[in-house]
*Asks:* 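Sharing a structure with you now.
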Amino acid sequence: MDWTCAECERLWREYDIAAEYELIIERNAAIESGLEIILRKAAKRSEGYRKAIQDHDATHATPAAVARANG
C-alpha cells in the first residue's frame, strides 16, 4: 500500500468496513444458530411434558368415561 495514495487509503477503509460487517454478520449467525438449538431443546422438552400429561391424564379416566369415549 502506498500511504500517499488517496485511492489506496479509501480502498483500505472500505475493506475495513466490509470486514467489520462480515464479522458482525458471522457473530449474529452464530447467535441465531445457538438460539435455534435452544428452541429445539425447549420444543422437545414441551413435547415430552405434553405427552406425560396425556399419559397421566389417561390414568384418571373412569371405566364409564372410557366406555363413552370408545362409543
Side-chain angles (χ1 to χ4, degrees):
M1 173 174 169
D2 180 354
W3 291 103
T4 63
C5 174
E7 183 64 5
C8 284
E9 287 185 41
R10 184 190 70 77
L11 291 172
W12 274 104
R13 278 194 309 272
E14 294 296 328
Y15 169 78
D16 285 343
I17 291 168
E20 185 174 335
Y21 285 146
E22 182 180 6
L23 287 174
I24 290 168
I25 292 167
E26 285 177 356
R27 284 186 205 120
N28 286 337
I31 290 169
E32 278 190 35
S33 177
L35 291 176
E36 288 176 25
I37 291 167
I38 292 168
L39 177 59
R40 280 196 302 272
K41 286 180 179 181
K44 187 175 182 178
R45 177 178 279 178
S46 294
E47 178 62 24
Y49 280 115
R50 186 187 65 76
K51 175 80 168 97
I53 289 168
Q54 288 176 334
D55 292 346
H56 177 76
D57 194 42
T59 68
H60 293 289
T62 64
V66 171
R68 281 193 306 271
N70 290 330

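Predicted model, so just to flag it, every value in this text is computed and none were measured.
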*Asks:* Quick one: list whatever passes side-chain hydrogen bond (donor to acceptor under 3.5 Å, both in side chains) with Asn28, sequence neighbours left out.
*Replies:* none
*Asks:* Return the set of residues passing side chain to side chain contact (heavy atoms under 4.5 Å, CB included) with Glu22 (not counting sequence neighbours), or none when no residue passes.
*Replies:*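 For Glu22, the residues satisfying side chain to side chain contact (heavy atoms under 4.5 Å, CB included) (neighbours in sequence not counted) are Glu26.
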*Asks:* Could you pull out all residues at least two apart from Tyr21 that satisfy ring-ring contact (aromatic ring centres under 6.0 Å, His included)?
*Replies:*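 In terms of ring-ring contact (aromatic ring centres under 6.0 Å, His included), with neighbours along the sequence ignored, Tyr21 is linked to no residue.
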*Asks:* For Asp16, check salt bridge (charged side-chain N to carboxylate O under 4.0 Å, His left out) against everything at least two apart and list the hits.
*Replies:*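 Partners of Asp16 under the salt bridge (charged side-chain N to carboxylate O under 4.0 Å, His left out) test: none.
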*Asks:* Pairs in or reaching into residues 23-54: which pass ring-ring contact (aromatic ring centres under 6.0 Å, His included), with residues at least two apart or in two chains?
*Replies:* none
*Asks:* CD of Glu7: more than 12 outside heavy atoms within 6.0 angstrom?
*Replies:* yes
*Asks:* Scan for side-chain hydrogen bond (donor to acceptor under 3.5 Å, both in side chains) pairs involving residues 32-48, sequence neighbours excluded, and state none if there are none.
*Replies:*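 Those involving residues 32-48 are Glu47-Arg50.
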